[in-house]
Amino acid sequence: MIERTLSIIKPDATSRAITGKVNAMIEEKGLKIVAQKLIRLTAVQAEEFYQEHMGKPFFPNLVEIMTSAPIVVQVLQGENAITEYRKVMGATNPAVAEEGTIRKTFALSIDKNTVHGSDSPESAKREIAFFFSELEIYE
Ligand code: IDP
Ligand code: MG
């Protein structure tokens with residue numbers, strides 16, 4: 001099934017100027033970038049986006065990091081894109097991520113882990129709508 005998922009290239013990557021390298025890995029794995037923009041999140045936006053993690057010990061740090069520099073938000077499209085992109089990203093903690101994944105290759109730590117990807121069809125729908133109107137997504 002052709003799906004869409006929401007990807008974020010996080011501040012640790014934009015600040016190291018490796019967004020092109022991350023995009024190259026995404027495209028090499030057959031995921032198509034059908035929408036993309038560079039933005040800077042406010043704290044309120046970051047808190048809303050990551051609302052499922054509100055109250056967890058790492059939440060303040062997560063908001064701090066996600067607002068520390070611009071991010072690239074993108075919609076990826078492809079066969080089983082949600083699950084496929086999670087595989088391309090690798091585990092949340094880069095120390096245990098598989099070889100060849102984005103996080104194994106580029107992440108600095110569990111909190112500076114280079115990329116975000118939606119974890120379910122419901123999250124993908126909410127997260128895409130959070131950043132993009134239908135008119136901004138290439139068919
Ligand atoms: P995911 O990004 O792989 O889906 P989540 O569990 O949804 O992982 O957590 C969201 C983000 O919060 C992670 O990507 C990471 O940046 C941060 N995070 C998650 N767990 C920890 C932790 O134990 N310490 C610090 N940051 C964490
Ligand atoms: Mg998650």
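As the structure lists them, so they are numbered: ligands from 1, and atoms in each ligand from 1.
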So, Q74 side chain and A35 main chain: donor-acceptor pair closer than 3.5 Å or not? no
among protein heavy atoms, the one nearest atom 2 (O) of ligand 1 is R103 NH2, 3.0 Å
Within 6.0 angstrom of K37 NZ, more than 12 heavy atoms from elsewhere: yes
Quick one: look up the protein heavy atom nearest atom 20 (N) of ligand 1 and list residue, atom name and how far away it is. F58 CE2, 3.5 Å
Give a yes or no answer on whether the side chain of N113 reaches the backbone of A107 with a donor-acceptor pair at less than 3.5 Å. no
Quick one: nearest non-hydrogen protein atom to atom 8 (O) of ligand 1, plus distance? T92 OG1, 3.4 Å
Just checking E52: does its CD atom have more than 12 heavy atoms from other residues, nucleotides or ligands closer to it than 6.0 angstrom? yes
Between T114 (side chain) and A13 (backbone), is there a donor-acceptor pair under 3.5 Å? no
So, regarding Y50 and ligand 1 (criterion: nitrogen or oxygen to nitrogen or oxygen, under 3.5 Å), is there a contact or not? no
Which ILVMFWY residues can you reach from I18 by hopping between side chains whose heavy atoms are under 4.5 Å apart? I9, V22, M25, I26, L31, I33, L38, V72, L76, Y85, V88, M89, I102, F106, V115
How far is atom 7 (O) of ligand 1 from its nearest protein heavy atom, and which residue and atom name does that atom have? H53 NE2, 2.9 Å
Near I110 (heavy-atom distance under 4.0 Å), the atoms of ligand 1 are 15 (C), 16 (O), 21 (C), 22 (C), 23 (O), 24 (N), 25 (C)
Below the 3.5 angstrom mark, is there an N/O of K10, backbone or side chain, next to an N/O of ligand 1? yes
Tell me whether E47 contacts the main-chain N or O of V44 through its side chain, where contact means a donor paired with an acceptor under 3.5 Å. no
Check whether more than 12 heavy atoms from other residues, nucleotides or ligands sit under 6.0 Å from atom CD of E64, and answer yes or no. no
Could you check atom 11 (C) of ligand 1 against the protein and tell me its nearest heavy-atom contact, residue, atom and distance included? L62 CD1, 3.9 Å
Is the shortest distance from a heavy atom of R86 to ligand 1 less than 4.0 Å? yes
Is the closest heavy-atom distance from M89 to ligand 1 below 4.0 Å? no
Less than 3.5 Å between some nitrogen or oxygen of N113 and one of ligand 1, yes or no? yes
